[in-house]
Amino acid sequence: MAKLGLRTLALVYLLFLLILPVILIIWRTFGDGLGPFFEALTSPSAVHAFQVTLVVAIWAVVANTIFGVGVSLLLVRHSFPGKRVLNALIDLPMAVSPVVVGLALILVYGRFAPAGGLLESWGIQVIFSTPGMVLATVFVSLPLVVRAIVPVLEELGEEQEQAAHTLGASPLQTFGRITLPGIRWALGYGIVLCLARSLGEYGAVAVVSGRLVDQTQTLTLFVEERFQNFDQPAAFAAATALALIAVVTLLLTKLLRPKD
């Protein structure tokens, strides 16, 4: 009876919190057929929002992949002063509100801030443009690749890498032939998680982008803007597209997640 009660509670909780809202969105999206759905997603504003979202997500994934692999190797394979501090800072984006992140970026890279003013004088606009959106997305998805790779590196150990060094392999050769094959599944898992987080980010991007329609509007911002302007077909179509991306991402994470 206790197990049955817990299962029922979990199912009811998921039903009202997750399943029912998603079903209602899909029902409202396809209530009038497929025509309005494709028409809404092929509008110039929607296409531009897709493009901006993809550009921001790709840059964020590339940056966090390079950073994640490097920091994971640093944390697992080396000892240095401040290691615990660095390890704690990696998890900071999970504790800080994305809105606070966006505000902090404005204070640093805004037009009237020292760093932002200097970049503006060089013709580089950060806030209310793509670079600022990329920075915000990189910050909120920072820990995902690192936390996927670190446990696998710890499990692999250093024996094979040390043997490769003994046989004369360079650090780059050791990484390409020993380390990378050993962490490839964990790396893929972290990249997929980072991509999903980047595609769905709202808070930090909403602050630094300025929500400029057809300029700095991602797909999540497009959903909000269309809904507030009573264009519900477009809002529901974009929300359904995001939900489908989330489902595909979930399937990929299940496939790429290490079994051990």
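Here, residue 1 is the first one in the sequence, and each next residue gets the next number.
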So do the side chains of [X] and [Y] get within less than 4.5 Å of each other, counting heavy atoms only?
| X | Y | result |
| --- | --- | --- |
| Ser121 | Leu118 | yes |
| Ile19 | Leu11 | no |
| Asp91 | Arg147 | yes |
| Phe30 | Thr240 | yes |

Going from [atom1] on [X] to [atom2] on [Y], what distance comes out if it is rounded to the nearest 0.5 angstrom?
| X | Y | atom1 | atom2 | value |
| --- | --- | --- | --- | --- |
| Ile245 | Leu219 | CD1 | CG | 6.5 Å |
| Glu201 | Ser209 | CD | OG | 10.5 Å |
| Phe222 | Ser43 | CZ | OG | 4.5 Å |
| Leu180 | Thr174 | CG | OG1 | 12.0 Å |
| Leu153 | Ser72 | CG | OG | 6.0 Å |
| Leu14 | Leu20 | CG | CG | 12.0 Å |

Under 3.5 Å, side chain of [X] to main-chain N/O of [Y], donor-acceptor pair present?
| X | Y | value |
| --- | --- | --- |
| Asn229 | Glu225 | yes |
| Lys83 | Val76 | no |
| Gln125 | Ile127 | yes |

Do you know which two heavy atoms are closest between [X] and [Y], and how far apart they sit?
| X | Y | value |
| --- | --- | --- |
| Leu195 | Ala57 | CD1-CB, 4.0 Å |
| Val138 | Asn64 | O-ND2, 3.2 Å |
| Ala60 | Ser198 | CB-OG, 3.7 Å |
| Pro21 | Leu15 | CD-O, 3.9 Å |
| Ala237 | Ala40 | CB-CB, 3.8 Å |
| Ala113 | Leu107 | CB-O, 3.1 Å |

Does a sphere of radius 6.0 Å around [atom1] in [X] hold more than 12 heavy atoms from other residues, nucleotides or ligands, not counting ones at 6.0 Å or beyond?
| X | atom1 | value |
| --- | --- | --- |
| Glu39 | CD | no |
| Arg77 | CZ | yes |
| Glu154 | CD | yes |
| Phe80 | CZ | yes |

Worksheet entry | Of Met133, Gln217, Gln215, the residue whose pairing with Val52 passes side-chain contact (heavy atoms from CB on, under 4.5 Å) |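 Per the side-chain contact (heavy atoms from CB on, under 4.5 Å) rule, the option paired with Val52 is Met133, out of Met133, Gln217, Gln215.
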Fill in: Chi angles and distances behind the side-chain contact (heavy atoms from CB on, under 4.5 Å) call for Leu86, Leu74
CA-CA 10 Å; Leu86 176 61; Leu74 182 64; 3.9 Å; yes
Is [X] linked to [Y] within one hydrophobic cluster, defined over Ile, Leu, Val, Met, Phe, Trp and Tyr using a side-chain heavy-atom separation of less than 4.5 Å?
| X | Y | result |
| --- | --- | --- |
| Leu242 | Leu221 | no |
| Val61 | Leu135 | no |
| Val55 | Tyr202 | yes |
| Trp59 | Phe139 | yes |
| Ile66 | Ile149 | no |

Is there a donor-acceptor contact under 3.5 Å linking the side chains of [X] and [Y]?
| X | Y | result |
| --- | --- | --- |
| Gln232 | Arg28 | yes |
| Thr53 | Thr218 | no |
| Glu161 | Thr179 | yes |

Discussion item. Please verify the inter-ring angle class for Phe236 with Phe227; under 30° counts as parallel, over 60° as perpendicular, anything in between as tilted.
Written reply: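 Perpendicular.
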